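In this text, all values refer to a predicted model and were calculated from it rather than measured experimentally.
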Amino acid sequence: MKSDEDVMEMTQEELQNWIRKEVRKKSEIVEQTAEKLYQILLEKREKLRAGHAKLAQSVADCEFLVQQLYSLMGLDYKDEDSEAETEQQRLPALGRSTMEETSLSRHDARTSAVPQGCGVLVSSVSQCSTPSDSTKPSTLPEQKITLNMKVLAKCKSRKWLPGEIVEIVSKEGGGGFKYKVSLEERRRVLVSGYHLAFENSPALGRLHVGARVVTQYPGDDKSFFYSGIVGELPSRQNCMRFLVFLDDHTPTYVGLSILHLVCRPLEDPLVDIAEDAHRRFIREYLKVWPHPPMAHGPHVDQKLYVEHQGVQRACQVLRIDCSLIDVLFKHSGHKEWIYRGSMRLEHSVTLKRVQQEKAGAGEAKATKPSSGTASAGSGLAGTAVTVAMVNYTPHLCSPACVAHVRPHGPLEAQHKCNPLLVPMTYKFRRPSSIYYYAPCGRTLSTGVQVEDYLRETHCDFLSMDVFSLDPHVSTATTGAKHIPFKVFIPDLAGGRENRAVPCVNEHSDLRPPKLNYRSRRVALDAGLNFVVGCDCVDGCRDSEFCSCRQLTTQSTVGGPLEGNAGYTQKRLHRAVVTGVYECNARCRCDPRTCSNRVAQHGIQVRLQVFMTRDRCWGVRCMDDIPGGAFVCSSSVVPMTTSMRLFDGEDHCYVIAANVEGNVACFLNHSHSPNLFRQYVFVDTHDLRFPWLTFFTREQVKAWTELTCDYKSLKG
């Protein structure tokens, strides 16, 4: 090893030469490395140019294919940006805490039209790419149904399974056909055409928004199918897929290959949807198509509140797929796809409430209609507009939830006010027209949830009649324009009905004709000899086990209703030609909680007999009435005759409205009635003696005249 002295013997000139030599070596290495890097960059640039050229050609080819596909589907393709919408197409939305005003649009094309991770921006298609007449059914000829045809058939579990038609059976009376289908494991089912779907994929021309279809249920199990309604046709905004709202309120995007068209859908396909809340949602969705309100611009990791099992829960957005968002419920870890316009989203509920408040500004303030009706609902109007949030602690509901509001005296006070205000007297709250807060704070947003709550809490002092989740039905006690009455009768029924039936005449001194008022028909001699009873203990909610509800269902076999016939949460949304069989005196069910007792409980809505301007006396409602609600029934009077009649009887039974009757005698005829007639069997199952009852066709606003079609009464 050299010493320090040896090292220091290098002269300055030698040191400089050595440094120059080392610098030259390093410079050569740097130049060589730079040259290599330059060559690599040149090669990469050439590859990028080639890739861009190929990509441009691919985009052009894709554009051409999309144009062809749009042309085949009868849609107009436009290369525009859907963000350039007019402000009239945007609606305000409110957040949970800040209540900041945002905008709603039909689609968020820039954030959801292209799957996440794709680096290519494509232009969006304008809303006119889905024509406004896309909800119109196809005019193509009806497809034939033949023996040995491969189909999908609906089972009792609501699942649709593949099978083969082995027999075609004619319905009695020439009312079409039913089809016997052989399923797996040698099972066979007999179904109508609207519970049958073609196995092959349908032609695009047969599909439209609102079409009744069947598709694979989303999830790991691909072995069964589920029915639903088409909500969107393919477009670039939804990546050329169909949006289907399944009957259990699950939204899903599907391709044409797994879409199956129902063979013979009902005239109103929504009648086949069992859940009332989902049926109302679909009906409203189709009404405002092609501009359904939808939350604009949700982003990944955003915090939302979504209804789950009747309670608004905190969620986190995981993914966005066009019109759907995938959310994670923090309390349980449950994941679920939600439609961005679903009423389960809290901001949608808030938006709906705000829109209704703006549309009906001043409606909550009741004005006195007259001295005879001013007391009805007094002291309750303020309760109806209570919208304060309640604190809710998750728990299992029990009778303790309503123990502090349970009445200890008679319920006569309920019969003096708007029936839809009755829950509010027991500390229920209706901050929105589409959900309630129970006394314990639990959120009730569907009819099934209300039924469950009443059953779990043994709430026998309230029934489904006094609840409404229809957003178009107001509980506000609105008053008619104050006009001095020349004739006022406080109660035409003389106390014989559950509610007073006032009679007014504001045009003249003419009084109504004298009438032997009868709220119920006379007792039949052998009525109970013609009835059977049920043994239900669940309030007769299960139509498959209640023998009375089975009579209603079985009498419609082969008809357009079948399993959906009869009452749903004490409402009748469609007439049953063969009659509705209510529970009776032979049944063991509790009359207070039975869901199959409606007409026998008498009038529940507030009615008023009044003198019309041009049609003599008529009947009008004093409050909003939900669709499918019972209004009143007619009386049947025995008439003695000297003739020997059926089974040796010497008298017959007729409807004699000019002799005896009730408020139904004053119903006027209309070609566009808001009531429909329904035969109901209560005190006897003798087909000769049904009750003639009237139900609302759809929701009726307060102070509207109630009318029926007299021609239908002849049937």
Among all residues two or more places apart in sequence or in another chain, which pass the side-chain contact (heavy atoms from CB on, under 4.5 Å) test with [X]?
X      : answer
Val537 : none
Phe177 : Ile168, Ser170, Tyr179
Leu183 : Ala153, Cys155, Leu161, Val181, Arg187, Val189
Arg615 : Thr612, Asn668, Glu705, Thr707

Between [X] and [Y], what is the shortest heavy-atom contact and its length?
X      : Y      : result
His260 : Ala197 : CB-CB, 4.3 Å
His573 : Arg571 : NE2-CB, 3.7 Å
Leu572 : Gly566 : CD1-O, 3.4 Å
Asn584 : Val532 : ND2-O, 3.0 Å
Val531 : Thr684 : CG1-CA, 3.2 Å
Cys322 : Cys239 : SG-SG, 4.3 Å

Using side-chain heavy atoms (C-beta onward) and a distance below 4.5 Å, is [X] in contact with [Y]?
X      : Y      : value
Tyr581 : Asn596 : no
Cys540 : Cys548 : no
Ser227 : Trp160 : yes
Val244 : Ile229 : no
Val448 : Gln569 : yes
Leu551 : Phe681 : no
Leu190 : Val169 : yes
Ser323 : Tyr253 : yes

### Task
Flag the pair Arg283 and Asp268 as a salt bridge only when some basic side-chain nitrogen lies within less than 4.0 angstrom of an acidic carboxylate oxygen.
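A salt bridge links Arg283 with Asp268.
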### Message
Any carboxylate oxygen within less than 4.0 angstrom of a Lys/Arg side-chain nitrogen, looking at Asp321 and Arg241?
### Response
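Here Asp321 pairs with Arg241 in a salt bridge, since their nearest N and O are under 4.0 Å apart.
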Under the rule for salt bridge (Lys or Arg N to Asp or Glu O under 4.0 Å), what residues qualify as partners of [X], not counting sequence neighbours?
X      : value
Asp538 : none
Glu698 : none
Asp247 : Arg212
Arg541 : Glu451, Asp452

Regarding [X] and [Y], do their side chains bring together a donor and an acceptor under 3.5 Å, going by distance alone?
X      : Y      : answer
Gln216 : Tyr226 : no
Asp248 : Thr250 : yes
Glu232 : Asn238 : yes
His195 : Asp272 : yes
Tyr567 : Glu582 : yes

Only distances under 3.5 Å count here; give the side-chain donor-acceptor pairs of residues 141-150 to other protein atoms, sequence neighbours excluded, each with its distance to 0.1 Å.
| unit_1 | atom_1 | unit_2 | atom_2 | d |
| --- | --- | --- | --- | --- |
| Glu142 | OE1 | Arg264 | NE | 3.4 |
| Lys150 | NZ | Glu164 | OE1 | 3.2 |

#### Entry: Test side chain to side chain contact (heavy atoms under 4.5 Å, CB included) applied to Val262 and Leu196, step by step
CA-CA 6 Å; Val262 170; Leu196 208 66; over 6 Å; no
### Query
Does the pair Asp465 and Ser463 meet the rule for a side chain to side chain donor-acceptor pair (under 3.5 Å), with working shown?
CA-CA 5 Å; Asp465 309 71; Ser463 68; 2.6 Å; yes
### Task
For the pair Thr215 and Phe225, evaluate side chain to side chain contact (heavy atoms under 4.5 Å, CB included) and give the outcome as yes or no after the intermediate values.
CA-CA 5 Å; Thr215 187; Phe225 299 77; 5.5 Å; no
The criterion is side-chain hydrogen bond (donor to acceptor under 3.5 Å, both in side chains); which residues satisfy it with [X], sequence neighbours excluded?
X      : answer
Gln699 : none
Ser595 : none
His278 : His249

### Query
For Leu706 and Arg620, what are the C-alpha separation, side-chain angles and deciding distance, and is it a side chain to side chain contact (heavy atoms under 4.5 Å, CB included)?
CA-CA 5 Å; Leu706 302 174; Arg620 60 190 175 192; 5.6 Å; no
### Message
Would you call the rings of Tyr285 and Phe245 parallel, tilted or perpendicular, taking 30° and 60° as the class edges?
### Response
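Because their plane-to-plane angle is over 60°, the rings of Tyr285 and Phe245 count as perpendicular.
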### Query
Would Thr252 and Tyr217 count as a side chain to side chain donor-acceptor pair (under 3.5 Å) if you check the C-alpha gap in whole Å, the side-chain angles of each, and the deciding distance to 0.1 Å?
CA-CA 9 Å; Thr252 180; Tyr217 197 84; over 6 Å; no
### Task
Would you kindly check if the NZ (Lys) or CZ (Arg) of Arg677 is within the cone defined by 45 degrees around the ring axis of Tyr679 and under 6.0 Å from the six-membered ring centre?
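Yes, Arg677 sits over the ring of Tyr679.
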### Message
Please check: side-chain N/O of Ser201 versus main-chain N/O of Leu256, any donor-acceptor pairing under 3.5 Å?
### Response
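Indeed, once roles are kept as given, a pair shorter than 3.5 Å links the two residues.
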### Task
Applying side chain to side chain contact (heavy atoms under 4.5 Å, CB included), run through Val598 and Phe695 and close with a yes or a no.
CA-CA 11 Å; Val598 177; Phe695 290 79; 4.2 Å; yes
